[in-house]
Amino acid sequence: AQVREDNFFGTGKKVTLGFNTSDVNTVYELIYNNPYYTINGVSRGFTLSYRETNLERLDAARYATDTGLALVNFGFPITGDDRLGISGGLEYTKLKVTESSPDEVKAFVASGGQTTDPDDVDDLSASSDSYYEWVLNGFWSHDSRDSAIFPRNGWYARFDAGLAIPGSDLKYYKLSYTHRHYFPLGKVFTLTSKLTLGYGNGYGDNSLLPIYKYFFLGGPDSVRGYKAFSLGPRDSNNDPIGGNALVNANLELWFPPPFITGVEETMKLAAFFDIGNVFDTHSDEYDFETSELRYTTGLASSWLSPLGVLTVSYGVPLNKKDDDRIENFQFTFGTSF
């Protein structure tokens, strides 16, 4: 549930109060934004949020986190298509461990966030630990698409950088880049390409990215045909634990449904090819090999319904491994690929 007011009490300010609950997440958030902070289009706002996450219910690594966040942000228009943003504040994370949690998570908690190698820790009995981080984030975005729902031309790119600055319990950085390009092929077809890269690591006296900041991959928004959050390294329980590096690419050919007229603007079909995986470069066994990437192909359909975009897909993995978790049919509601 969410309440959003784009003209709060006639001031032009945007206020959002949201609540979200599921098997995996419970989220409370308050977002305030003043898009007219200066006459030059600089925006200012803040975010207050609290999130409870249980990864075990995703069939991923068995641990849970409680996260509180207080941020102040500013946005700066550069051109009609480009924008810069910066934010800073305090983030609190409580990492909770159970008896069934993998040894890697227990080692991370027991070592104060210094290692995920159980062999480096004498006692794995710690049940939880809390971390306070002063975070500084920035982004650049470009959007020249001709439509936000079913674009046929233009491109979108976004680069994000996050840093836990000195004075935090854990010091790390995290980078990500996404690029989408749209190519019209005649009057009917649209070729879409997407590339997503991510990397994070520790710095100073911290040697790794915190385990609760790892990337995950798989599912309808990344590599379709594989269960969400299921790709990448496995922990001592043989569950996906994520990694500090991510590679994902998608190629799609969109076209209107044949034999149906009048729905060209609200319904699209697509043939797709996905590739990607996540990696743990901290591991002594890490050695990037293209054979570790997962490939899928399949068909998808998106419909702009009165309540949002409904997208369904059927993906067929082309190089699945024995312990991969397959989910051929997937759907999302409210967003498009």
Side-chain angles (χ1 to χ4, degrees), residues 77-85 139-161 175-199 215 217-226 228 231 245-278 290 293-305 308-319 328-337:
I78 305 302
T79 68
D81 296 331
D82 297 85
R83 191 170 183 84
L84 292 175
F139 77 86
W140 163 80
S141 67
H142 172 94
D143 192 350
S144 61
R145 297 173 296 176
D146 57 1
S147 171
I149 303 299
F150 293 131
R152 299 204 66 227
N153 203 351
W155 57 284
Y156 170 85
R158 179 171 173 128
F159 174 76
D160 286 274
L175 311 172
S176 64
Y177 177 73
T178 298
H179 187 105
R180 287 179 176 267
H181 218 120
Y182 300 86
F183 306 91
L185 303 179
K187 296 182 179 180
V188 175
F189 296 96
T190 302
L191 183 65
T192 302
S193 63
K194 177 185 175 184
L195 174 67
T196 303
L197 303 172
Y199 181 77
F215 296 102
L217 204 62
D221 294 322
S222 56
V223 184
R224 286 158 281 191
Y226 291 93
L231 293 179
L246 175 149
V247 178
N248 181 210
N250 312 89
L251 191 65
E252 300 169 333
L253 182 65
W254 287 93
F255 52 93
F259 314 118
I260 304 177
T261 60
V263 297
E264 292 83 0
E265 300 300 321
T266 59
M267 183 176 291
K268 299 289 184 181
L269 302 179
F272 65 81
F273 177 78
D274 297 341
I275 179 174
N277 211 337
V278 293
T290 57
L293 296 171
R294 298 295 189 270
Y295 308 84
T296 64
T297 188
L299 298 174
S301 173
S302 281
W303 171 47
L304 180 56
S305 75
V309 178
L310 173 64
T311 302
V312 298
S313 66
Y314 189 88
V316 179
L318 301 178
N319 64 336
N328 300 107
F329 178 79
Q330 296 171 327
F331 74 94
T332 60
F333 189 74
T335 59
S336 60
F337 289 124

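No experiment lies behind these values; they were computed from the predicted model shown.
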Who are the salt bridge (charged side-chain N to carboxylate O under 4.0 Å, His left out) partners of D146, not counting sequence neighbours?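 None.
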R152: partners by salt bridge (charged side-chain N to carboxylate O under 4.0 Å, His left out), with sequence neighbours left out: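 Per chain and number, R152 pairs via salt bridge (charged side-chain N to carboxylate O under 4.0 Å, His left out) with no residue.
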Minimum-distance pair of heavy atoms, taken over all atoms of [X] and [Y]:
X    : Y    : result
R294 : N277 : NH1-ND2, 3.7 Å
T296 : P317 : CG2-CA, 3.6 Å
F215 : A245 : CD1-N, 4.0 Å
A271 : F255 : N-CE2, 4.2 Å
W155 : H179 : CE3-CE1, 3.3 Å

[X] [atom1] to [Y] [atom2] distance, which is reported to the nearest 0.5 Å:
X    : Y    : atom1 : atom2 : result
D160 : F139 : CG    : CZ    : 7.5 Å
F183 : L191 : CZ    : CG    : 6.5 Å
F331 : S301 : CZ    : OG    : 13.5 Å
S193 : L195 : OG    : CG    : 8.5 Å
T196 : R158 : OG1   : CZ    : 12.5 Å
F150 : K268 : CZ    : NZ    : 7.0 Å

Evaluate the side-chain proximity of [Y] to [X]: yes if any heavy-atom separation is below 4.5 Å, no if none is.
X    : Y    : result
L253 : L185 : yes
P258 : L269 : yes
P151 : Y156 : no
V312 : W303 : no
L246 : L197 : no
F159 : L175 : yes

Test your reading of the model: is there a side-chain donor-acceptor pair from [X] to the backbone of [Y], 3.5 Å cut-off?
X    : Y    : value
Q330 : D221 : no
N328 : G315 : yes
N248 : I275 : yes
D82  : L84  : no

From CA spacing to verdict: side-chain contact (heavy atoms from CB on, under 4.5 Å), F273, L318: CA-CA 10 Å; F273 177 78; L318 301 178; 3.9 Å; yes
So, H142 versus D81: side-chain donor-acceptor pair below 3.5 Å or not?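 On atom types as modelled, these side chains do not qualify, holding no pair under 3.5 Å.
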What pairs with D274 under side chain to side chain donor-acceptor pair (under 3.5 Å), at least two apart in sequence or on another chain?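 Partners of D274 by the side chain to side chain donor-acceptor pair (under 3.5 Å) criterion, ordered by chain and then number, come out as R224, N250.
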